[in-house]
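Notes for the one structure printed next.
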Amino acid sequence: MANAEGTLLFAAGPGVPRWLSSKAIESTVVEWTRSRWFLDNPRGQRLVPLNEPRFLTDFDALTIEEIDASDYYTDLLRPRGLGWCVGTSIHAPSGDTLVFSIEKAHDKGPVPRAVAEELDKLRPHLARAALLSGRLGLDRAKTAVTTLELIGLPAAGLTANGRVISANKRFLACAGIGVGAGNIVQFESKPAQALLMEAISNVANSQTGFGRSIPVGGTKHEPPFVAHVVPLRGAGLDVFTGSLSIIFITSVIPNNSPAPELLQALFDLTPAEARLASQLTTGKSIEQIALSSGLSPNTIRTHLKSVFSKTGVQRQAELVSLLGGTINKRPNETGVSPA
């Protein structure tokens with residue numbers, strides 16, 4: 001899509017920084033990691049801290065004059081044929097910051113903004129994958145049991161019909177989830193169970209499915225959580241013999257307003273939808289959000305309908321309960337789904 005040479009995935013967090021790259025740019029990445037520009041370069045200083053839930057190009061943080069004056073570009077990238085990028089940073093709850101940097105040859109010219117916007121459509125799927133890969137430390141696990149323990153989250157390997165092949169102790173101890181007759185995963189929530197079986201079916205019937213995140217509301221005694229169904233591809237099918245997908249669980253911490261970028265990763269929301277969902281959990285009304293964002297209430301309601309569809313709820317109050325926030329209701333605020 002970017003007419004580029006290769007992509008770098010860099011994970012910076014607790015412990016030793018880790019990276020993977022396309023073979024075509026691997027030698028340059030190795031040189032970069034051994035150079036003085038490894039942790040001191042204009043992209044890392046300007047682009048990564050922006051924390052914007054979209055793909056960015058060099059020109060989103062740097063001018064052409066600054067680029068031409070930087071020895072990072074003139075002495076490292078350009079002599080090796082590179083010089084332009086389009087990338088995105090994902091700040092995972094595990095503490096990692098993951099950077100996808102698509103590297104383009106200097107003589108091909110900068111990456112157009114339109115390309116970055118097309119890549120934005122893939123970002124929610126990359127972000128959800130990053131939640132899992134960050135836990136795995138980007139290392140390939142050798143066995144199913146070891147892999148599920150390394151994830152550090154409740155997880156299980158599933159067949160095409162939802163039967164559990166292997167599961168870790170955290171998954172088996174999860175409230176609201178059970179393993180029923182025939183070793184089939186069972187949610188106490190019937191809507192969540194229907195979404196789970198639909199997701200498993202989509203994985204089984206598609207070679208390119210991205211999986212799905214399924215929200216499950218909390219109860220008086222248990223917090224809400226999100227179940228992620230992730231298709232297995234390539235070597236993963238060998239590691240999890242007999243499984244077609246992994247299901248893993250992440251908790252939604254109550255009484256906090258989730259960061260918009262986390263909501264994007266969990267529910268495949270657009271940036272505008274994620275900001276809306278995050279603001280609703282703070283108790284803001286549709287009118288207040290419209291006023292602060294410069295959008296009309298009708299536009300906000302349109303975004304809200306899409307959020308309802310993607311999170312599997314039907315009412316504003318249910319959405320806020322799912323995300324762990326509280327609604328400050330006024331006499332004229334019912335929390336009813338917008339018409």
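The shortest heavy-atom contact between Pro79 and Asp75 is CG-O, 3.5 Å. Scanning both residues, Ala156 and Ala167, for their nearest heavy atoms gives CB-CB, 3.7 Å. The minimum heavy-atom distance linking Gly162 with Ile200 is given by the pair CA-CD1, 3.6 Å. The heavy-atom pair separating Leu8 from Ile25 by the smallest distance is N-CD1, 4.0 Å. Pairing each heavy atom of Ser22 with each of Gly6, the nearest pair is OG-CA, 3.5 Å. Taking each heavy atom of Val48 and Gly44 in turn, the nearest pair found is CB-O, 3.8 Å.
Here Arg34 does not pair with Glu31 in a salt bridge; the nearest charged N to carboxylate O distance is not below 4.0 Å. Salt-bridge formation is detected for the pair Glu103/Arg43: a Lys NZ or Arg NE/NH1/NH2 atom is positioned less than 4.0 Å from an Asp or Glu carboxylate oxygen. Taking a cutoff of 4.0 Å between a charged side-chain nitrogen and a carboxylate oxygen, Glu52 and Arg46 do not qualify as a salt bridge. A salt bridge is absent between Lys104 and Glu5; no separation between the charged side-chain nitrogens and carboxylate oxygens falls under 4.0 Å.
Remark: Leu295 CG to Ile286 CD1 distance equals 12.5 Å, nearest 0.5 Å. Remark: Ile90 CD1 to Leu98 CG distance equals 6.5 Å, nearest 0.5 Å. Atom OG of Ser70 and atom CG of Asn41 lie 8.0 Å apart (nearest 0.5 Å). Rounding to the nearest 0.5 Å gives a distance of 5.5 Å between OG1 of Thr282 and NZ of Lys284. With rounding to the nearest 0.5 Å, the separation of CE in Met1 from CZ in Phe55 is 8.5 Å. Note: Phe100 CZ to Ser89 OG = 10.0 Å, rounded to the nearest 0.5 Å.
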Legend entry - Steps toward side chain to side chain contact (heavy atoms under 4.5 Å, CB included) verdict (Ser292, Gln279): CA-CA 11 Å; Ser292 64; Gln279 288 176 305; 3.9 Å; yes

Inset, instruction - Test side-chain hydrogen bond (donor to acceptor under 3.5 Å, both in side chains) on Asp58 and Tyr73 and set out the steps. - result: CA-CA 11 Å; Asp58 297 272; Tyr73 288 87; 2.5 Å; yes

Inset, instruction - Take Thr28 and Leu82 through the side chain to side chain contact (heavy atoms under 4.5 Å, CB included) test and state the conclusion after the steps. - result: CA-CA 9 Å; Thr28 299; Leu82 303 178; 3.9 Å; yes

Legend entry - side chain to side chain contact (heavy atoms under 4.5 Å, CB included) between Ser293 and Ile300, worked out: CA-CA 9 Å; Ser293 64; Ile300 297 298; 4.0 Å; yes

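With 3.5 Å as the limit, one finds a donor-acceptor pair spanning the side chains of Trp37 and Asp71. Side-chain contact of Thr299 with Ser296: a donor-acceptor pair under 3.5 Å is present, judged by distance alone. Checking Ser21 against Glu26 by side-chain atom types alone, no donor-acceptor pair falls below 3.5 Å.
Connection of Leu195 to Ile184 is not established within any shared hydrophobic cluster, with ILVMFWY side chains joined at heavy-atom distances below 4.5 Å, either directly or through further cluster members. Linking ILVMFWY side-chain heavy atoms closer than 4.5 Å, directly or via other members, places Leu56 and Leu9 in two distinct hydrophobic clusters. No chain of hydrophobic side-chain contacts below 4.5 Å, direct or via other Ile, Leu, Val, Met, Phe, Trp or Tyr residues, connects Ile67 to Leu47. The cluster map of Ile, Leu, Val, Met, Phe, Trp and Tyr, joined by side-chain heavy atoms under 4.5 Å apart, puts Leu304 and Leu291 in different clusters. The hydrophobic cluster containing Leu172 also contains Leu196, counting ILVMFWY residues as joined when their side-chain heavy atoms lie under 4.5 angstrom apart, directly or transitively.
Inter-residue side-chain proximity for His228 and Ile247 is flagged as unmet; no heavy-atom pair is nearer than 4.5 Å. Side-chain atoms of Gln186 and Ile177, non-hydrogen and from C-beta on, never get closer than 4.5 Å to each other. In this structure, Trp19 and Val99 have side chains that are not in contact, with every pair of non-hydrogen atoms separated by 4.5 Å or more. Between Val185 and Arg163, every side-chain heavy-atom pair lies at or beyond the 4.5 Å cut-off. Counting heavy atoms from C-beta on, the side chains of Trp84 and Thr57 never come closer than 4.5 Å. When side chains are defined from C-beta on, Ile289 counts as touching Leu280, because their heavy atoms get closer than 4.5 Å. Contact of the Gln288 side chain with the Ser285 side chain is registered, since non-hydrogen atoms from C-beta on lie closer than 4.5 Å. In this structure the side chain of Phe248 never reaches within 4.5 angstrom of the side chain of Val226, judged on heavy atoms.
Side chain of Ser201 to backbone of Met197: no donor-acceptor contact under 3.5 angstrom is found. With hydrogens and angles disregarded, a donor-acceptor distance shorter than 3.5 Å links the side chain of Thr33 to the backbone of Val30. No side-chain donor-acceptor contact under 3.5 Å links Arg78 to the backbone of Gly83. Between the side chain of Thr63 and the main chain of Phe59, no donor-acceptor pair closer than 3.5 Å is present.
Around atom CD of Glu188, no more than 12 heavy atoms belonging to other residues, nucleotides or ligands sit under 6.0 Å away.
When the options Asp60, Leu119, Thr88 are evaluated for a side chain to side chain contact (heavy atoms under 4.5 Å, CB included) with Arg54, the one that passes is Asp60.
Classification of the Trp32-Phe10 ring pair by plane angle, with boundaries at 30° and 60°, yields perpendicular.
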